[in-house]
Protein chains: 2
Amino acid sequence: MEEIRDTVSQGRGGTRRVRISDLAEALGLTKSTVSRALNNYADIAPETRRRVAEMAAQMGYAPMPYAQAVRTGRVRALGLVLELDAPDRYGPFLADFLGGITQEATLEGWTLTVASSNSREEMEATVTRLLQEHKVDGFILPRTMVEDPRVDFLRAKHVPFVLFGRVGHGKPDPGLSWYDVDGAEAMRAAVARLAALGHKRIGFVGPSAAYNFAVLRREGYQAGLAEAGISFDPALEIMEVSDRAGGAQAARDLLDLPQPPTAIVYATDATALGAYDVARERGLRIGRELSVISYDGIPEGRMIDPPLTSFAVDSRHAGERLAALLIAQLRGADPAGLQELVVARLEPGGSDGPPPSVS
Amino acid sequence: MEEIRDTVSQGRGGTRRVRISDLAEALGLTKSTVSRALNNYADIAPETRRRVAEMAAQMGYAPMPYAQAVRTGRVRALGLVLELDAPDRYGPFLADFLGGITQEATLEGWTLTVASSNSREEMEATVTRLLQEHKVDGFILPRTMVEDPRVDFLRAKHVPFVLFGRVGHGKPDPGLSWYDVDGAEAMRAAVARLAALGHKRIGFVGPSAAYNFAVLRREGYQAGLAEAGISFDPALEIMEVSDRAGGAQAARDLLDLPQPPTAIVYATDATALGAYDVARERGLRIGRELSVISYDGIPEGRMIDPPLTSFAVDSRHAGERLAALLIAQLRGADPAGLQELVVARLEPGGSDGPPPSVS
DNA sequence: TACGATTACGAAACCGGTTTCGTAAAGCCG
DNA sequence: CGGCTTTACGAAACCGGTTTCGTAATCGTA
């Protein structure tokens, strides 16, 4: 008699939630001892710690994050702010990326809170609100820029964060935590591949140099040229291209040069598709009269004829690692040691081949 | 003397967070009175309510959701579980959809928590965890199925939710809250459009009938036929098609019939692109020898030649309305009154035209 | 064996709110 | 004008945890 208390909601499933006090009662301990046992305090006897852990598992006890948060200020949630004003719409990779983050976060008992913004001001307002309401403990920042205002903003607030991509050209800030795919290496390899096929004039089409990845990929392209002993011709490099139509226009511009390239390296698949449009316009065969290699590995590249030779990025893995890095940092790891650079996987298609033999 | 207390973190930005007790002190009231004033309790004098609201605004007071949650159990967060095992990867619409949800949620002071699952079991486990940890107050369920296990699951737990799409064929459960785009009407209009152009044999290609939208679109197709006085031929209807390759195979099968169709209505753009591949294979011109109309309005449909005539869905708007509906429900509105059906917008392309004149 | 240092736990305050309950003061009515 | 309702607020408990602090019991050592 005493069992008959609050019929209140709580465990919506039917069986009532088990609270820390229930656990304590079942163990004949106080909730303070149980709490410290669960949080690995030093002043708990090993045997007691074991008993508590066992009973917790048996009773299915799980602390309510928000109740903990009242005291600790941590809610075990990662934050992601999507930029709706981005030139591309994150392409088809968003689902994989989110899948990677959430799967990894779930494994560790964390969750992901997503917000969005249409401008830098809105982004700062959103971040501020998420922090002020303590809805989030740290941030994942996709799509880094060479000079990224988010980095300064979050640093000033002392909020942990991890970058998808690096900042500041190729000389990354050692104090930052990031995950990146080596786009420079991919572009270098693309040029090497084309040079090996016999190409001498190789063009490059990339997006705005405000994005760090664009800068790195351009550097990789130039490094590839140098390595192949081909001198760099600025006329063959076109930047500020972000969509298929832009990619097509860039192809036209390059092909209309007095000495047109026989191959074009595109920094992104979406823009490379524009080359196919131009090839059709002009009766050129991709992979024969014009070779194309690009980067991203979008599904459509596999469907198109001939399939696009591309360096594929594993967005799912990126999400997983970014979540893992941020969680490590939130658990106290030094961000300076949390960096990962992976390579893109070459998916050979039919879009690259030897150059047409010069008459 | 007393001012010198916790230098603790809290207001990460620098200025300390203002708590309800600060507000109370500034007003010369107790925090209980302030709390009730802010929550519109009846036993607060109008003048007091006004003073409190004013001071709160002036001091920039905002309650911490998780502190409220300890007592109320509500965290002002919407939940969304992405299904990674879905046939398509949500296509290119996910960013818009998430943008819509989060923008609307932000306006109302709510946030979005995203999780993912690879199977039904995992989905139930994830939902259970989010509820148990009180990370979420209600769910948005995308991609409804005719018999949707999530509906029964959440209903049994008495958790508020809103559906993107309906369930149970065309006879929606009146107790459910949902937002849907009228795919049946779009398919009916597609058939009417083709019939008006002179087509007599019109095929239909749709995805698995397990998805409610597939069933509805098929019904719309058949309704369109009836309306146009064309008798339904089961041989012209192919289901279980979910990707471009499948769409291509369906087109081949239809064109290989003794009496092939002169037009095909596809339930989704992604599959309709397969018709273009087959047309190229066979030397048919889309919009001349073969007409195609489909549904979704994917960007690629605009790029392809000829542009795909399609009924476009506004994913952003869908996200906004779903968030609004769920928030309304969480604020106490009766789900029975929360349904919205909108129409898809026809985007005419060049993929439909009069049938080739019969010899 | 006596005494200081450790060990392991309990008691209670605390986090930032919400909600119940009690009660002075004001209002109403005959 | 006296008794009964309202009105409007304060006091205190509460939500589910965490953390500080105090203290018995055990240990080690001289």
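Nothing here was measured: the structure is a model prediction, and the numbers come from that model. Keep in mind that the numbers below use all heavy atoms, side chains included, and drop hydrogens, waters and symmetry copies.
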Enumerate the residues from residues 42-56 of chain B whose closest heavy atom to DNA chain C is under 4.0 Å, giving them by residue number; use none for an empty result.
none
Does a donor on one side chain sit under 3.5 Å from an acceptor on the other, for His317(B) and Tyr179(B)?
yes
Separation of Leu29(A) atom CG from dA11(C) atom P, in whole Å?
11 Å
If you measure only the distance, is there a donor-acceptor pair under 3.5 Å linking the side chains of Gln339(B) and Asp180(B)?
no
Measuring from Leu82(A):CG to Ser117(A):OG, what's the distance to the nearest 0.5 Å?
8.5 Å
Asp22(B) CG to dC15(C) P, in whole Å, measures 11 Å
Is the base of dG10(D) touched by the side chain of Arg36(B) through a donor-acceptor pair closer than 3.5 angstrom?
yes
Report the residue (Arg71(B) or Thr33(B)) whose heavy-atom-nearest nucleotide on DNA chain D is the more 5′ of the two.
Thr33(B)
Considering only dG16(C), dG17(C), dG10(C), which nucleotide approaches the side chain of Ser32(A) most closely?
dG10(C)
Report the nucleotide, chosen from dG10(D), dG17(C), dT19(D), that has the shortest atom-to-atom distance to any side-chain atom of Thr30(B).
dG10(D)
Grab the CD-P distance between Gln68(A) and dG17(D) for me, whole Å please.
7 Å
Salt bridge Glu54(B)-Arg51(B), side-chain N to carboxylate O under 4.0 Å:
no
Ranking dT18(D), dT19(D), dG16(D) by distance to the side chain of Asn39(A), first place goes to dT18(D)
Tell me: NZ of Lys31(A) to P of dA13(C), nearest whole Å?
12 Å
Whole angstroms only, please: what is the CZ-C1' distance between Arg74(A) and dG16(C)?
18 Å
OH of Tyr61(A) versus C1' of dG17(D): gap in Å, rounded?
6 Å
Calculate the interatomic distance between Met64(A) atom CE and dT18(D) atom P; express it in whole Å.
12 Å
What is the ring orientation for Phe97(B) with Phe164(B), classed by angle as parallel under 30°, tilted 30 to 60°, or perpendicular over 60°?
parallel
Okay, side chain of Thr72(A), backbone of Gln68(A): is any donor-acceptor separation there less than 3.5 Å?
yes
Nearest-Å distance, OH (Tyr41(A)) to P (dG17(D))?
15 Å
If we count only N and O atoms by modelled type, under 3.5 Å, do the side chains of Thr113(B) and Lys135(B) hold a donor and an acceptor together?
no
